[in-house]
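Attaching a single structure in structure tokens format; questions to follow.
When a residue number appears, it is its place in the shown sequence, counting from 1.
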Amino acid sequence: MNFGGVIENVTTREEFPLAKAREVLKNETIAVIGYGVQGPGQSLNLRDNGFNVIVGQRKESKTWDKAVADGWVPGETLFEIEEACKRATIIQYLLSDAAQIALWPTVKKHLTAGKALYFSHGFAITYKERTGIVPPADVDVIMIAPKGSGTSLRRLFLEGRGLNSSYAVFQDATGHALERVIALGIGVGSGYLFETDFKREVYSDLTGERGTLMGAIQGIFAAQYQVLRENGHTPSEAFNETIEELTQSLMPLVAENGMDWMYANCSTTAQRGALDWWKPFRDASLPVFRKLYAEVAAGHEAQRSIDSNSKPDYREKLEAELKELRESEMWQAGETVRRLRPERQK
């Protein structure tokens, strides 16, 4: 498929329908290991699409209880992690990066010849010198990386839509890794599938998370909100002009029709200002993005994540940082604005 003059390998649901995916995986048992971020959405979509799927999760945990609440039956479709790995022919390794490192010895001993090890992130394999995750040579190593959260994957599936995903084959031991991974991509509810490799996926993913998807956008929000407040604008006005109008009005239009269409369908004053200012913002942020990508490529961001997320007090420190965001004036104003949306008042 042609993307701006560049040809890429893309697979759609029309080219590889669900019936074909079921046929490819009819003799497979898919174990989804982990029930945190991606696990619920992927496992529930696979189940609803008619695949033989089980969940592996630690007992005595909130996520075990969540799995039970979602209809997974202990001893039938819900097992301790090691038991699920033993039963599986395809192990979907959907734990956090830090948890993948910790549990790798347990998972590895159940990767017998012909099985498939599935990731939704290229982290563990790309940085294998740091993670210690080196799969046996006689198993397929594959990846489906949905371009969004597991919550979004599930929500779009229930709406009859799909979340686009990338796919990759790192190791084809069986000769069937490609059809296995495409079938799984269709099974978890992808809109369409585009080809990548493990390194490109993790480099783009870490850059995106720290950049426009989360880190940069929060930084830009905070800077504009601060300038408006410093110049006498109220919290409500500053939040609406910084975030609410963007997320509720403009971004949906960009998603549906593109940035050029959105520019063409706003006021001439807004058009002129946006066209004059987008390049200065690009030029100001380009050095930061180049530095960010270099840090990702060097493995520094991966090591920071491993070091931080492996500490016993990780959750407490995370909550303190999230509390700082949550209790900032900008996001307190946002909480009030969300409560005032018409759909919340019905």
Dump the intermediate steps for side-chain contact (heavy atoms from CB on, under 4.5 Å) on Gln226 and Met330, then the final yes or no. CA-CA 9 Å; Gln226 180 176 331; Met330 181 173 74; over 6 Å; no
Indicate yes or no: at least one non-hydrogen side-chain atom of Phe16 is less than 4.5 angstrom from one of Val24.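 The answer is yes; the side chains approach within 4.5 Å.
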Neighbour count >12 (heavy atoms, 6.0 Å) for atom NZ, Lys199: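 For Lys199, atom NZ is not crowded (no more than 12 foreign heavy atoms under 6.0 Å).
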Working note: Arg341 + Glu244, criterion salt bridge (charged side-chain N to carboxylate O under 4.0 Å, His left out); need CA distance, chi angles, decisive distance, verdict. CA-CA 10 Å; Arg341 288 177 189 162; Glu244 188 74 354; 2.8 Å; yes
More than 12 foreign heavy atoms under 6.0 Å from CE of Met214: is that the case here?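 No, not enclosed.
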Apply salt bridge (charged side-chain N to carboxylate O under 4.0 Å, His left out) to the pair Asp48 and Arg154, showing each step before the final yes or no. CA-CA 11 Å; Asp48 290 354; Arg154 182 62 176 165; 2.9 Å; yes
Please test Asp276 against Arg272 for salt bridge (charged side-chain N to carboxylate O under 4.0 Å, His left out), starting from the C-alpha separation and ending with a verdict. CA-CA 6 Å; Asp276 286 346; Arg272 185 68 269 140; 2.9 Å; yes
Residue pair Glu179 / His176, side-chain donor-acceptor N/O under 3.5 Å: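 On atom types as modelled, these side chains qualify, holding a pair under 3.5 Å.
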Would you kindly confirm whether Ile30 and Ile54 end up in one hydrophobic cluster when ILVMFWY residues are joined by side chain heavy atoms under 4.5 Å apart?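 No: no chain of side-chain contacts under 4.5 Å links Ile30 to Ile54.
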Is it the case that atom CD in Glu324 sees more than 12 heavy atoms from other parts of the structure closer than 6.0 Å?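 It does not: Glu324 CD has 12 such atoms or fewer within range.
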Answer with yes or no whether the side chains of Thr207 and Ser204 bring together a donor and an acceptor at under 3.5 Å.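 No.
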Do the side chains of Ile90 and Tyr167 join up, straight or via other hydrophobic residues, at under 4.5 Å, putting them in one cluster?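 The answer is yes; both residues are in one hydrophobic cluster.
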Any idea how Trp104 and Tyr93 line up, ring-wise: parallel (<30°), tilted (30 to 60°), or perpendicular (>60°)?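 Aromatic pair Trp104/Tyr93 classed tilted.
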Answer with yes or no whether the hydrophobic clustering places Trp278 together with Val288; edges join I, L, V, M, F, W, Y residues whose side-chain heavy atoms lie under 4.5 Å apart.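 No, Trp278 does not connect to Val288 through the hydrophobic network.
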Would you find more than 12 non-hydrogen atoms of other residues, nucleotides or ligands less than 6.0 Å from Arg58 atom CZ?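 No.
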Does the Lys NZ or Arg CZ of Arg282 fall within the cation-pi geometry relative to Trp277 - under 6.0 Å from the ring centre and within 45° of the axis?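 Output no; distance or angle outside limits.
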Please report the interatomic distance OG(Ser190) to CG(Leu153), rounded to the nearest 0.5 Å.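 Between atom OG of Ser190 and atom CG of Leu153 there are 7.0 Å.
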Check whether any side-chain N or O of Ser149 sits under 3.5 Å from a backbone N or O of Ser152 as a donor-acceptor pair, and report yes or no.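 Yes: the side chain of Ser149 pairs with the backbone of Ser152.
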Check for a donor-acceptor pair, side chain of Ser249 on one end and backbone N or O of Leu246 on the other, with a separation under 3.5 Å.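 Judged by distance alone, no pair lies under 3.5 Å.
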Go through it in stages, so that I can follow the logic: the residues are Gln92 and Gln42, the test is side chain to side chain donor-acceptor pair (under 3.5 Å), and I'd like the CA-CA distance, side-chain angles, deciding distance and then a yes or no. CA-CA 9 Å; Gln92 293 195 193; Gln42 293 200 33; 3.3 Å; yes
A side-chain contact here means heavy atoms from C-beta on lying under 4.5 Å apart; do Val10 and Leu193 qualify?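 Val10 does not reach Leu193 side chain to side chain.
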Expected output: side-chain Glu329 to main-chain Pro235 donor-acceptor under 3.5 Å: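 No, because the side chain of Glu329 does not come within donor-acceptor range (under 3.5 Å) of the backbone of Pro235.
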Checking side-chain polar atoms at under 3.5 Å, does Trp331 have a donor or acceptor matched by the opposite partner on Gln218?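 Result is yes, a qualifying pair exists.
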Flag for Thr63-Gln57: side-chain donor and acceptor within less than 3.5 Å: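 Present: a donor and an acceptor within the cut-off.
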Should Ile91 and Val32 be marked as a side-chain contact (heavy atoms from CB on, under 4.5 Å) after you check the CA-CA gap, both sets of side-chain angles, and the distance that decides it? CA-CA 6 Å; Ile91 297 174; Val32 174; over 6 Å; no
Does Lys20 reach the side chain of Pro17, with side-chain heavy atoms less than 4.5 Å apart?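 A side-chain contact exists here, since the closest heavy-atom pair is under 4.5 Å.
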Donor + acceptor pair across side chains of Gln224, Thr242 (<3.5 Å):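 A pair is found: one side chain offers a donor N or O, the other an acceptor, under 3.5 Å apart.
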Thr131 and Gln100, any side-chain heavy atoms less than 4.5 Å apart: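 No, every pair of side-chain atoms sits at 4.5 Å or beyond.
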Positive for side-chain hydrogen bond (donor to acceptor under 3.5 Å, both in side chains) with Thr89, one of Arg180, Glu28, Lys115: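 Running side-chain hydrogen bond (donor to acceptor under 3.5 Å, both in side chains) over Arg180, Glu28, Lys115 with Thr89 returns exactly one hit, Glu28.
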Using a 3.5 Å distance criterion without hydrogens, assess whether the side chain of Asn49 forms a donor-acceptor pair with backbone atoms of Gly187.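 Checking the backbone N and O of Gly187 against the side chain of Asn49, a donor-acceptor pair under 3.5 Å is found.
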Is Glu15 reaching over with its side chain to a backbone N or O of Thr12, donor-acceptor style, under 3.5 angstrom?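 Yes, Glu15 side chain to Thr12 backbone: donor-acceptor pair under 3.5 Å.
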Asp138 (side chain) donor-acceptor with Gly114 (main chain) under 3.5 angstrom: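 Not at all, since once roles are kept as given, no pair shorter than 3.5 Å links the two residues.
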Salt bridge between Glu301 and Arg210, side-chain N to carboxylate O under 4.0 Å?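 Answer for the salt bridge query: yes.
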Measuring from atom CD1 of Ile186 to atom OG of Ser165, what distance do you get when rounded to the nearest 0.5 angstrom?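 Ile186 atom CD1 to Ser165 atom OG measures 9.0 Å (nearest 0.5 Å).
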Please check if the distance between the ring centroids of Tyr293 and Tyr203 is under 6.0 Å.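 Yes, the ring centres sit under 6.0 Å apart.
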Linking I/L/V/M/F/W/Y whenever any side-chain heavy atoms sit under 4.5 Å apart, do Ile243 and Leu228 land together?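 Not linked; separate clusters.
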Point-to-point distance, once rounded to the nearest 0.5 Å, from OH of Tyr225 to CD of Glu230: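 Going from OH on Tyr225 over to CD on Glu230, the span is 11.5 Å.
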I would like to know whether Thr196 and Glu201 meet side-chain contact (heavy atoms from CB on, under 4.5 Å); could you show each step before the answer? CA-CA 6 Å; Thr196 189; Glu201 190 283 330; 4.1 Å; yes
From Leu46, Thr77, Val188, residue fulfilling side chain to side chain contact (heavy atoms under 4.5 Å, CB included) relative to Val53: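 Going through the options one by one, the only one that passes is Leu46.
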Determine whether a donor-acceptor pair (N or O, by modelled atom type, separation under 3.5 Å) exists between the side chain of Asp172 and the backbone of Ala177.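 Between the backbone of Ala177 and the side chain of Asp172 there is a qualifying donor-acceptor contact (under 3.5 Å).
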I'd like to check Val139 versus Gln171 (side-chain heavy atoms, cut-off strictly below 4.5 Å). Are they in contact?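 Yes - at least one pair of side-chain heavy atoms lies under 4.5 Å apart.
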List the steps, then state whether salt bridge (charged side-chain N to carboxylate O under 4.0 Å, His left out) holds for Arg200 with Asp197. CA-CA 5 Å; Arg200 284 191 288 133; Asp197 60 42; 3.3 Å; yes
Could you walk me through whether Arg155 and Glu159 pass side-chain contact (heavy atoms from CB on, under 4.5 Å), step by step? CA-CA 6 Å; Arg155 180 182 297 142; Glu159 292 173 0; 3.6 Å; yes
Side chains of Cys85 and Ile33: closer than 4.5 Å at any heavy-atom pair?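 Sidechains of Ile33 and Cys85: in contact.
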Classify the ring geometry between Phe123 and Tyr127 as parallel (under 30°), tilted (30 to 60°) or perpendicular (over 60°).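 Answer is perpendicular, since the angle exceeds 60°.
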Sidechain-backbone polar pair: Asn9 side chain, Glu195 backbone, donor-acceptor under 3.5 Å: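 No, Asn9 side chain to Glu195 backbone: no donor-acceptor pair under 3.5 Å.
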If hydrophobic clusters are built from ILVMFWY residues whose side chains come within less than 4.5 Å, do Val107 and Phe79 share one?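 No, Val107 does not connect to Phe79 through the hydrophobic network.
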Mark yes or no for whether Arg229, through its side chain, and His233, through its backbone, hold a donor-acceptor pair below 3.5 Å.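 Yes: the side chain of Arg229 pairs with the backbone of His233.
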Hey, are the side chains of Glu82 and Thr106 touching, using non-hydrogen atoms and a 4.5 Å cut-off?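 Yes - at least one pair of side-chain heavy atoms lies under 4.5 Å apart.
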Does Glu319 pair with Lys323 as a salt bridge, N-O distance under 4.0 Å?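 Between Lys323 and Glu319 there is no salt bridge, as every charged N stays at least 4.0 Å from the carboxylate O atoms.
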Donor-acceptor pair, Asn309 side chain versus Ala98 backbone, under 3.5 Å?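 Checked: no pair found.
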When you compare the side chain of Leu103 with that of Leu95, does any pair of heavy atoms fall below 4.5 Å?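 Yes, their side chains come closer than 4.5 Å.
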Distance (rounded to the nearest 0.5 Å) between Leu340 CG and Glu335 CD: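 Reported value, rounded in 0.5 Å steps: 11.0 Å.
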Using distance alone, with no hydrogens and no angle criterion, decide if Tyr35 and Asp70 have a side-chain donor and acceptor under 3.5 Å apart.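 Yes, Asp70 and Tyr35 have a side-chain donor paired with an acceptor closer than 3.5 Å.
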